[in-house]
There are 2 protein chains.
Amino acid sequence: MATIQDVAKAAGVSAMTVSNVINDHPNVRTATREKVLAAMARLDYRVNVAARNLRKGRTGTIGLAVPEVNGYYGRLATAIIAAAERHGLRVSIEQTGASRENELDVLSMSRNRLYDGLILSTVGMGSADVELLKVDYPVVILGERIFGGPVDHVAMPNVEASHAATRHLIERGCRRIALVCGPLTDEVDVSSLRFTGYRQALLSAGQPQDPELVQSVERLTMRAGALRARQMVENGLDFDGVFCVTDTVAVGVLRGLADAGVPVPERVKVIGFDNIEESEFLVPSLSTIDPDHDMMAQRAVDLLAGRIERSERNGRTEHGADREEFVSSYSVVIRESTGS
Amino acid sequence: MATIQDVAKAAGVSAMTVSNVINDHPNVRTATREKVLAAMARLDYRVNVAARNLRKGRTGTIGLAVPEVNGYYGRLATAIIAAAERHGLRVSIEQTGASRENELDVLSMSRNRLYDGLILSTVGMGSADVELLKVDYPVVILGERIFGGPVDHVAMPNVEASHAATRHLIERGCRRIALVCGPLTDEVDVSSLRFTGYRQALLSAGQPQDPELVQSVERLTMRAGALRARQMVENGLDFDGVFCVTDTVAVGVLRGLADAGVPVPERVKVIGFDNIEESEFLVPSLSTIDPDHDMMAQRAVDLLAGRIERSERNGRTEHGADREEFVSSYSVVIRESTGS
DNA sequence: CTGAAAGCGCTTACAG
DNA sequence: CTGAAAGCGCTTACAG
């Protein structure tokens with residue numbers, strides 16, 4: 001593997017001049033540049049990024065920590081990679097498996113200067129862990145659970161959008177609306193926030209809040225949704241609408257209702273949240289909330305890139321003061337499952 | 001940011017001893033080790049990975065180049081990240097967008113020693129590009145299109161599994177089986193290979209091969225599948241079975257048939273390929289081919305890790321001679337769409 | 001069991 | 001427009 005020294009020798013110039021050519025610095029005579037380029041081609045020279053990183057103190061790579069690279073997070077990751085590319089940044093993906101421990105691990109790993117910054121999708125960490133976000137490199141939180149922390153935050157309008165989804169069911173004539181959600185906690189997680197929006201909508205409409213209608217499943221998977229929907233029908237639960245806190249679990253709910261012989265939307269109307277790709281093509285197609293994923297991704301990367309630039313100029317990562325909280329826009333997508 | 005020198009000074013030892021502690025080398029007295037660990041904790045020391053990489057000549061990171069991180073490739077990426085972790089390797093994902101150019105870009109980028117090796121999912125490159133795979137670092141090809149190349153290769157049993165899928169439809173009584181596939185080429189791409197399996201099955205069963213039944217769409221998306229299925233019915237095409245070359249396009253086909261009022265499986269039976277997560281929960285649930293993704297991922301990473309180790313020992317990446325070609329196993333998953 | 005020193009391959013003030 | 005040299009922060013033969 002040829003080094004910059006080899007090229008310098010072959011071209012009859014100094015290493016610095018080779019470096020100048022590589023980095024497109026202006027002060028190189030055309031003739032010199034060409035000599036160097038020829039030597040580089042001849043020796044099949046490739047810059048050693050590890051050496052450059054060490055010298056520059058940055059790697060040009062950001063970390064993206066998500067629970068997994070599937071479904072919703074796959075879509076998000078795709079958007080983030082695209083946005084990072086526009087900033088000339090590479091993305092390295094870490095899977096956290098939604099565990100608090102792994103999320104914290106990622107935080108201390110990245111400190112190793114492997115990444116110039118980190119986009120962390122918090123699912124396991126709670127607001128009690130806010131202090132641990134005070135690391136000495138740029139971090140952007142993407143998701144719920146941590147608000148008012150020491151770093152930039154990009155989130156969805158969970159409460160408002162859930163309110164709108166539930167209201168949509170009410171407007172379609174539903175009077176007994178079930179909620180299928182994950183475990184409800186005191187934390188500001190996805191399920192709890194969307195539950196709040198659901199409750200608010202019922203309240204605004206003057207509908208009674210029957211605890212039996214709140215169907216919490218352990219994990220928001222298709223399988224869990226299918227199982228729970230069947231149980232709801234078998235147990236004789238009286239309901240004519242379902243707000244599912246994710247499209248993924250809604251796919252299962254639609255399946256479970258079909259298994260139980262309940263026609264959607266005739267007898268029960270269903271709405272989800274996320275607008276994953278398949279929602280449009282299910283039978284019946286799934287009404288849902290469409291948060292602006294691309295904008296969230298773009299924003300998260302922009303914020304991080306800004307932090308990286310500033311911390312480079314200052315030599316320090318600042319905390320507190322000027323942090324940003326961005327909430328994306330959303331729309332209600334009306335399809336067959338709510339009787340479009 | 002504390003360096004190893006700072007720690008050495010604080011602990012009253014040499015940098016080398018600190019290094020020995022960090023890397024768990026045996027020859028350190030317990031008392032010394034503890035002094036060093038205490039100093040590390042006090043200074044909040046984190047190893048500088050860039051420096052270590054430069055010194056070691058490797059990064060502990062492998063590249064994974066896939067068209068996108070969604071659907072099928074998301075699942076694969078998840079499995080690969082898990083497998084790499086077992087080898088102590090980090091994974092950096094590059095999106096190629098299925099273009100030949102980007103795939104070639106990734107090949108030359110990684111040469112920059114950013115990655116210790118590369119898993120490349122070829123979708124755009126063709127067999128004409130085989131020579132370009134002769135790079136001086138370990139590469140494993142994951143996918144079709146390039147067989148007999150200079151590097152290890154992990155593939156699916158496309159022809160055999162497609163044969164089995166089609167035979168399943170025949171056994172269910174289908175006599176006019178349509179194929180929904182991508183563009184058919186002379187290359188060994190997914191569509192062409194699966195088309196071959198389809199044709200073989202028809203041949204074995206003594207069924208006529210009607211070119212009208214081969215429905216090639218530009219891109220294998222849900223939308224394209226839905227549109228094409230509707231057109232097939234509207235155009236009065238006579239068919240009682242459909243083999244879709246991917247589950248993704250099959251989701252669309254099921255939707256399109258529903259739009260056209262064609263009951264599945266009563267009038268038309270449908271089978272896909274890939275066994276993506278949602279296939280089980282569609283209405284009707286989708287019969288499909290389940291290739292062993294986890295095994296493919298595991299195998300690809302094992303092969304790459306082996307190459308990395310050997311090229312480290314030899315200081316050279318060998319080509320040709322001992323390359324491996326691994327074909328995964330598969331099973332036919334029978335569900336409602338073929339009238340289970 | 002521990003240390004002094006070289007060197008991995010770059011980039012960048014500083015000179016000229 | 002070009003060069004000599006220092007230094008980024010590690011690891012590792014080589015000594016002792």
Side-chain angles (χ1 to χ4, degrees), chain A residues 1-37 39-40 43-61 109 111-116 136-137 312-313 315, chain B residues 1-37 39-40 43-61 111-116 136-137 311-313 315:
Chain A
M1 200 69 166
T3 72
I4 218 173
Q5 294 292 351
D6 300 333
V7 176
K9 217 163 294 172
V13 299
S14 74
M16 184 203 164
T17 299
V18 177
S19 178
N20 283 340
V21 170
I22 294 170
N23 295 293
D24 273 331
H25 284 219
N27 295 344
V28 183
R29 245 196 319 177
T30 314
T32 314
R33 181 186 310 282
E34 272 160 13
K35 256 195 316 191
V36 172
L37 287 173
M40 281 169 58
L43 299 178
D44 197 24
Y45 171 77
R46 310 281 155 178
V47 70
N48 179 321
V49 180
R52 175 184 284 173
N53 288 346
L54 172 58
R55 181 55 226 236
K56 287 208 162 184
R58 51 168 299 187
T59 62
T61 301
M109 271 197 352
R111 251 171 142 168
N112 304 350
R113 299 225 166 287
L114 235 186
Y115 306 135
D116 295 340
D136 60 350
Y137 60 91
E312 227 148 76
R313 271 203 297 279
Chain B
M1 199 68 166
T3 73
I4 217 171
Q5 295 293 348
D6 301 332
V7 176
K9 216 163 292 172
V13 299
S14 74
M16 183 202 167
T17 299
V18 177
S19 178
N20 283 339
V21 170
I22 294 169
N23 296 291
D24 273 332
H25 284 217
N27 296 344
V28 183
R29 246 196 319 177
T30 313
T32 314
R33 180 187 310 281
E34 271 159 15
K35 257 195 312 188
V36 171
L37 287 173
M40 280 170 58
L43 299 178
D44 197 24
Y45 171 77
R46 311 281 156 178
V47 69
N48 179 320
V49 180
R52 175 184 284 174
N53 288 345
L54 171 58
R55 180 55 226 233
K56 287 207 161 185
R58 50 168 297 188
T59 61
T61 301
R111 249 172 146 166
N112 303 350
R113 299 227 164 288
L114 234 187
Y115 306 135
D116 295 340
D136 60 350
Y137 60 91
S311 77
E312 227 148 74
R313 272 202 298 279

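Order of the sequence lines fixes the chain letters, A, B, ..., with proteins taken first and strands second; residue numbering starts at 1 for each chain.
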If you check every side-chain atom of A:Arg29, which of D:dT2, C:dG3, C:dT2 has the closest atom? D:dT2
Any B:Asn48 side-chain nitrogen or oxygen under 4.0 Å from OP1 or OP2 of D:dG9: no
Measure the distance from CZ on A:Arg46 to P on C:dC8 and round it to the nearest whole Å. 21 Å
To the nearest Å, give me how far apart CG (A:Asn53) and P (C:dG9) are. 15 Å
If we take the P atom in both D:dA13 and D:dG9, what is their distance in whole Å? 23 Å
What's the spacing between A:Arg46 CZ and A:Met40 CE if we round to 0.5 Å? 8.5 Å
What interatomic distance, in whole Å, is found between P of D:dC10 and the corresponding atom of D:dC14? 24 Å
Can you give the dot-bracket line for DNA chain D, using ( ) for pairs inside the strand, [ ] for pairs that cross earlier ones, | for pairs with another strand and . for unpaired bases, where Watson-Crick and G-U count if both distances are under 3.5 Å? |||.||||||||.|||
Presence of B:Thr17 side-chain N/O under 4.0 Å of C:dC1 phosphate oxygens OP1/OP2: no
Once you round it to whole Å, what is the distance between P of C:dC10 and CZ of A:Arg58? 18 Å
What integer distance in Å separates B:Lys9:NZ from D:dG9:P? 12 Å
So NE2 of A:His25 and OG1 of A:Thr17: to nearest 0.5 Å the spacing works out to 11.5 Å
Which residues share a side-chain contact (heavy atoms from CB on, under 4.5 Å) with B:Ser19, sequence neighbours left out: B:Ile4, B:Asn23
With sequence neighbours excluded, tell me which residues meet side-chain contact (heavy atoms from CB on, under 4.5 Å) with B:Lys9. none
Less than 4.0 angstrom between a side-chain N/O of B:Thr3 and OP1 or OP2 of D:dG9, yes or no? no
How would you list, by chain and number, every residue that makes a side-chain contact (heavy atoms from CB on, under 4.5 Å) with B:Ala51, sequence neighbours excluded? A:Leu54, B:Asn48
Taking only residues two or more places apart in sequence, or in another chain, which ones meet A:Glu34 in a side-chain contact (heavy atoms from CB on, under 4.5 Å)? A:Thr30
At under 4.0 Å between heavy atoms, how does the protein contact nucleotides 11-16 of chain C? Give one character per nucleotide, 5' to 3', with B, S or -. BBB---
